[in-house]
Amino acid sequence: MSPNASLKIATYNVNGIGSRLPVLLRWLEETKPDIACLQELKAPQENFPEAAIKDAGYNAIWHGQKSWNGVAILARDHAEIKEVRRVLPGDDEDLHSRYIEAHVGDLLIGCLYLPNGNPAPGPKFDYKLSWMKRFITHTDELLKQNIPVVLTGDFNIIPTEVDVYKPERWTNDALFRPESREVFHSLINKGWTDALRKLYPDEIIYTYWDYFRDAYSRNAGLRIDHFLLNNVVTDKLLKAGVDRHVRGWEKSSDHAPVWIELSK
DNA sequence: ATGCCTGCTTGCAGCAGA
């Protein structure tokens, strides 16, 4: 396939861009996504490594935050990124950096870091519920637009029992609670397509393995990083996958990158 | 039920993550 026959979009929860920069640059160089969405920068706005990202061939927009959260969109060959918003609408009091949205070429890209929500019940789970409600409201608006839309990032939702190594241990976890799964399923029912499941309906696919108990080598993982596509994009879906080997690198994030390829 | 590990903080132990 010629380099320009398809468009590759990736998502990667880096778990701290300060510590992860060498791994991030190595992965960008190896896999060369046209667009990369990052989550959990864990860095204030001014600490984003803009020069190193530019040297790697990428333009970037980002919304940082001290210590926690933080999201970014990167575009290869210094392609133009037209920022639409950097907060999820619906709550002026919400100061977490968890959503950024931009046009890149013909596409509208929403990059999200949905709240974890543990412990549930509790205030953190309430925040997750209210964030998801705002997300539904906003994505309903996006569905009305007749343009290609990609929503990607760390959803912190395990969609089904197939997506967790031992579902019985996760019944009360905020990532697997019925309220969280219901939001994911309602998005599917509204017309969004889960890209990985569309191409691999029955496979066990994980995108996260925790740092404890040697989870990666035991393949005790979760599928929580997702691509949701509207119908215009789904018609262009060629391939999808997880860069699983990156999770095995030295100084890796606890997440692996996930990607799709679209026909142009 | 908890800690297991890792990154971040103006830190030097505690929090959050999932």
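Reminder, nothing fancy here: chain letters follow the sequence lines and each chain counts from 1. We use all heavy atoms of the structure for the numbers below, so side chains are in, but hydrogens, waters and symmetry mates are not.
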Does [X] reach a base, just sugar-phosphate, or nothing at all? Heavy atoms under 4.0 Å.
X        : value
A:Asn47  : nothing
A:Tyr216 : nothing
A:Ile224 : sugar-phosphate
A:Lys128 : nothing
A:Gly18  : sugar-phosphate
A:Asn156 : sugar-phosphate
A:Asn15  : sugar-phosphate

- Message: Looking at A:Arg85, I want to see if its CZ is surrounded by more than 12 non-hydrogen atoms of other residues, nucleotides or ligands under 6.0 Å.
- Response: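 Enclosed.
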Closer than 4.0 Å, any side-chain N/O of [X] to the OP1 or OP2 of [N]?
X        : N      : value
A:Arg20  : B:dG7  : yes
A:Asn116 : B:dA18 : yes
A:Lys124 : B:dA16 : yes
A:Ser19  : B:dC8  : yes

Which whole number of Å gives the distance between the [atom1] atom of [N] and that of [M]?
N      : M      : atom1 : value
B:dC4  : B:dC15 : P     : 14 Å
B:dA18 : B:dG7  : C1'   : 14 Å
B:dA16 : B:dG11 : C1'   : 15 Å
B:dT10 : B:dG14 : P     : 16 Å
B:dT2  : B:dA13 : P     : 23 Å

Please report, rounded to the nearest Å, how far the [atom2] atom of [N] is from the [atom1] atom of [X].
X        : N      : atom1 : atom2 : value
A:His96  : B:dA16 : NE2   : C1'   : 11 Å
A:Asn69  : B:dC15 : CG    : C1'   : 13 Å
A:Arg169 : B:dC4  : CZ    : C1'   : 13 Å
A:His255 : B:dG7  : NE2   : C1'   : 13 Å

- Message: Do A:Arg223 and A:Tyr206 form a cation-pi contact, if we require the NZ or CZ to be under 6.0 Å from the six-membered ring centre and within 45 degrees of the ring's axis?
- Response: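 The answer is no, since A:Arg223 fails at least one limit relative to A:Tyr206.
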- Considering the options A:Asp254, A:Thr207, A:Asp163, A:Leu175, which one meets the side chain to side chain contact (heavy atoms under 4.5 Å, CB included) requirement together with A:Leu222?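 Single side chain to side chain contact (heavy atoms under 4.5 Å, CB included) partner of A:Leu222 among A:Asp254, A:Thr207, A:Asp163, A:Leu175: A:Leu175.
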- Message: Testing A:Val71, A:Ile81, A:Val104 one by one against A:Ile61 for a side chain to side chain contact (heavy atoms under 4.5 Å, CB included), which residue passes?
- Response: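 Testing A:Ile61 for a side chain to side chain contact (heavy atoms under 4.5 Å, CB included) against A:Val71, A:Ile81, A:Val104 leaves exactly one candidate, A:Ile81.
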- Item | Note: A:Lys144-A:Glu141 ion pair, threshold 4.0 Å (strictly below) |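 Yes, charged N to carboxylate O under 4.0 Å.
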- Message: With nearest nucleotide decided by heavy atoms, which residue, A:Tyr113 or A:Phe212, maps closer to the 5′ end of DNA chain B?
- Response: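 That would be A:Phe212.
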